[in-house]
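The chain is numbered in sequence order, starting from 1. Order of listing sets the numbers, starting from 1, for every ligand and every atom in it. The analysis underlying the following values was restricted to heavy atoms, covering all of them including side chains, and did not include hydrogens, waters or symmetry mates.
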Amino acid sequence: MHRADMLVIGGGIAGLSVAARLARHGRVMVLEGEGAPGYHASGRSVAFAHYGLGNEPVRTLTALSMGELAEHGTMHPALHIASTADIAALDALEDVHRQFRCDYTRITTAGALALMPAIRPEACAAALVDHGSLKLDTNAMLQAHAASLRAHGGKLVTGARVHAIARDSDGWRVEAGGESYAAPILVNAAGAWADDVAHMAGVTPIGIEPRRRTVISFAAPEGENVGAWPFTKTVGEGFYLLPEGRGQLLASSMDQTPSAPCDAAAEELDIAIAADRVEQATTLPIRRISHSWAGLRSFVPDELPVIGHAAGAQGFVWCAGQGGAGFQTAPALSRIAAAAALGLPFPEDCTAAGLSARQFAPERLDA
Ligand SMILES: Cc1cc2nc3c(=O)[nH]c(=O)nc-3n(C[C@H](O)[C@H](O)[C@H](O)COP(=O)(O)OP(=O)(O)OC[C@H]3O[C@@H](n4cnc5c(N)ncnc54)[C@H](O)[C@@H]3O)c2cc1C
């Protein structure tokens, strides 16, 4: 039996970021079912931090995280483009950028084309460029959290898929990878599988909905310095596009197809839709898809993370529902989750920014 003060199920960004914080307060073991951390959603993101997604609390979490994210990010502009029909949505997004005091500029079609010459003018009646967005090194983020966990005496156990959870007078007992683990506190950071973990523990599920998102990669036009192109995103339905590595571009139609928790794979139709959206709105010819992948973004109905103790299950702490913003909110969210697990007050700066423990508590979903 391996005894710890806190067990964390899930070695994605959610689990590792909270585990790294908890390890300063006790012995922490992270149990990850796959052979390496970050295999699922956390290994499939497009690694960007910006204000063009999520609801207000998610944007507030992003704002509270930007300073720490900068350690593993480089400034890269985000260009939000709007067709004539989407001008009102662009206005609303401008209000958001003003509210969060972003370094942004509202620009014309010509201004957008100067930044991103492949846009077809008819796809961009107006635009907004956020100069303060970040391209993240998500692998470095995961590795830094794992290193911090180890440096504080914690352990990441891979190949440890949890298949049974029981509670006795000492706390939680967990069976994984042929070994038994025990701790009074159990953090559920199992991403798309968060409700499966709750079922095993006899805890009321939160109704997590994994949604599949597809990304394609294709060669940029020869001779074009695409590395300088902004992360380009339609404010309404459409696509996003960003440079990646040498001469490659990534794109997504921002699909979000409900899925069972699984090792998500890109489907032909979703790949075709992403390519078509890019070709409709830009002059980029996609002759061949170099690579494609899909990952699951997991939400509850109000699209806010779920952080806090499960009612009636002492020591069971939720850290789930990060949706499409798990990296860009991780610095703030892991502080909130660590405080909840340790029974400490909600972080002061988060309260000052208008957030509250109640907003993220699992009980809100009972209503
Ligand atoms: C295409 C795409 C693009 C994205 N782009 C961005 C972006 O630009 N910026 C951003 O901030 N976010 C982005 N996201 C969202 C981000 O990737 C997620 O919010 C984040 O990775 C969720 O992290 P997680 O740790 O909760 O989940 P995961 O990374 O899925 O981790 C959960 C882990 O739990 C493990 N697990 C599950 N069940 C068990 C069990 N029984 N026993 C042991 N282990 C178990 C799994 O193996 C998994 O490794 C994107 C997501 C996708 C799919």
A.B. asks: Just to confirm my output: which protein heavy-atom neighbour is closest to atom 16 (C) of ligand 1, and how far is it?
C.D. replies: G326 N, 3.9 Å

A.B. asks: Using a strict cut-off of 4.0 Å, indicate which atoms of ligand 1 neighbour a heavy atom of H40.
C.D. replies: 30 (O), 46 (C), 47 (O), 48 (C), 49 (O)

A.B. asks: Answer yes or no: does an N/O atom from M200 fall short of 3.5 Å to an N/O atom of ligand 1?
C.D. replies: no

A.B. asks: Quiz question: by atom type and distance under 3.5 Å, do the side chains of S290 and Q248 form a donor-acceptor pair?
C.D. replies: yes

A.B. asks: Please confirm whether the backbone N or O of G54 pairs with a side-chain atom of R59, one donor and one acceptor, at under 3.5 Å?
C.D. replies: yes

A.B. asks: Would Y39 count as being in polar contact with ligand 1, using the rule that some N or O on each side must be under 3.5 angstrom apart?
C.D. replies: no

A.B. asks: Taking the six-membered ring of W193 (Phe, Tyr or Trp), confirm whether the NZ or CZ of R161 is under 6.0 Å from its centre and within 45° of its axis.
C.D. replies: yes

A.B. asks: Give the numbers and elements of all ligand 1 atoms closer than 4.0 Å to a heavy atom of A41.
C.D. replies: 17 (O), 21 (O), 28 (P), 29 (O), 30 (O)

A.B. asks: Any idea how H97 and Y51 line up, ring-wise: parallel (<30°), tilted (30 to 60°), or perpendicular (>60°)?
C.D. replies: perpendicular

A.B. asks: Using a 4.0 Å cut-off to any heavy atom of A189, which atoms of ligand 1 qualify?
C.D. replies: 32 (C), 34 (O)

A.B. asks: Return yes if a side-chain donor-acceptor contact under 3.5 Å exists between S180 and H2, otherwise no.
C.D. replies: no

A.B. asks: How far is atom 21 (O) of ligand 1 from the closest protein heavy atom, and which atom is that?
C.D. replies: S42 OG, 2.9 Å

A.B. asks: Which protein non-hydrogen atom lies closest to atom 34 (O) of ligand 1, naming both residue and atom, and how far is it?
C.D. replies: G10 CA, 3.3 Å

A.B. asks: Backbone, side chain, both or neither: what part of W193 comes under 4.0 angstrom of ligand 1, heavy atoms only?
C.D. replies: side chain

A.B. asks: Given the ring of Y104, does R98 sit roughly above its face, with NZ or CZ under 6.0 Å from the centre of the six-membered ring and within 45° of the axis?
C.D. replies: no

A.B. asks: Under 4.0 Å from a heavy atom of A160: give me the atoms of ligand 1 that qualify, with their elements.
C.D. replies: 42 (N), 43 (C)

A.B. asks: What about V197: any of its N or O atoms under 3.5 Å from an N or O on ligand 1?
C.D. replies: no

A.B. asks: Can you give the donor-acceptor pairs under 3.5 Å from side chains of residues 137-158 to other protein atoms, not counting sequence neighbours?
C.D. replies:
| from | atom 1 | to | atom 2 | distance (Å) |
| --- | --- | --- | --- | --- |
| D137 | OD1 | N139 | N | 3.4 |
| D137 | OD1 | A140 | N | 3.0 |
| H152 | ND1 | S148 | O | 2.9 |

A.B. asks: Looking only at protein heavy atoms, which one is nearest to atom 19 (O) of ligand 1, and how far off is it?
C.D. replies: G323 O, 2.8 Å

A.B. asks: Can you tell which of G324, G321, S45, G191 gets a heavy atom nearest to atom 12 (N) of ligand 1?
C.D. replies: G324

A.B. asks: Closer than 4.0 Å to some heavy atom of E34 - which atoms of ligand 1 meet that?
C.D. replies: 47 (O)

A.B. asks: Below 4.0 angstrom from a heavy atom of R44, which ligand 1 atoms are there? Numbered from 1 as shown, please.
C.D. replies: 1 (C), 2 (C), 3 (C), 52 (C)

A.B. asks: Are more than 12 heavy atoms, taken from residues, nucleotides or ligands other than Q314, located less than 6.0 Å from that residue's CD atom?
C.D. replies: no

A.B. asks: Backbone N or O of T214 within a donor-acceptor pair of the D255 side chain at under 3.5 Å?
C.D. replies: yes

A.B. asks: Taking atom CZ of R24 as the centre, report whether more than 12 heavy atoms of other residues, nucleotides or ligands fall under 6.0 Å from it.
C.D. replies: yes

A.B. asks: Please say whether the positively charged group of R167, taken as NZ for Lys or CZ for Arg, lies over the ring of W172, i.e. under 6.0 angstrom from the six-membered ring centre and within 45 degrees of the axis.
C.D. replies: yes

A.B. asks: Can you name the ring-ring contact (aromatic ring centres under 6.0 Å, His included) partners of Y240, sequence neighbours left out?
C.D. replies: F231

A.B. asks: Report yes if I13 has an N/O atom closer than 3.5 Å to an N/O atom of ligand 1; otherwise report no.
C.D. replies: yes

A.B. asks: Step by step, would you call V215 with H291 a side-chain contact (heavy atoms from CB on, under 4.5 Å)?
C.D. replies: CA-CA 8 Å; V215 180; H291 181 48; over 6 Å; no

A.B. asks: Should E32 be counted as touching ligand 1, given the test is an N or O pair under 3.5 Å?
C.D. replies: yes

A.B. asks: So which heavy atom in the protein is nearest atom 25 (O) of ligand 1, and how far is it from that ligand atom?
C.D. replies: A14 N, 3.0 Å

A.B. asks: Using heavy-atom distances, let me know which of Q322, R213, R161 sits nearest atom 38 (N) of ligand 1.
C.D. replies: R161

A.B. asks: I need the contact type for V46 against ligand 1. Using non-hydrogen atoms and a strict under-4.0 Å cut-off, is it side chain, backbone, both or neither?
C.D. replies: both

A.B. asks: Kindly say whether F239 contributes a backbone atom to a donor-acceptor pair with the side chain of K233 at under 3.5 angstrom?
C.D. replies: no

A.B. asks: In terms of residue, atom name and distance, what is the protein heavy atom nearest to atom 8 (O) of ligand 1?
C.D. replies: F48 N, 2.9 Å

A.B. asks: So, applying side chain to side chain contact (heavy atoms under 4.5 Å, CB included) with L186, which one of V203, V317, V174 is it?
C.D. replies: V174

A.B. asks: Under 4.0 Å from a heavy atom of V215: give me the atoms of ligand 1 that qualify, with their elements.
C.D. replies: 1 (C)

A.B. asks: I need the nearest protein heavy-atom contact for atom 44 (N) of ligand 1: residue, atom name and distance, please.
C.D. replies: G33 N, 3.0 Å

A.B. asks: So is there a nitrogen or oxygen of I9 less than 3.5 Å from a nitrogen or oxygen in ligand 1?
C.D. replies: no

A.B. asks: Quick one: which ligand 1 atoms are inside 4.0 Å of a heavy atom on A47?
C.D. replies: 7 (C), 8 (O)

A.B. asks: Just need the protein heavy atom nearest to atom 31 (O) of ligand 1, so name the residue and atom and give the distance.
C.D. replies: G12 CA, 3.6 Å

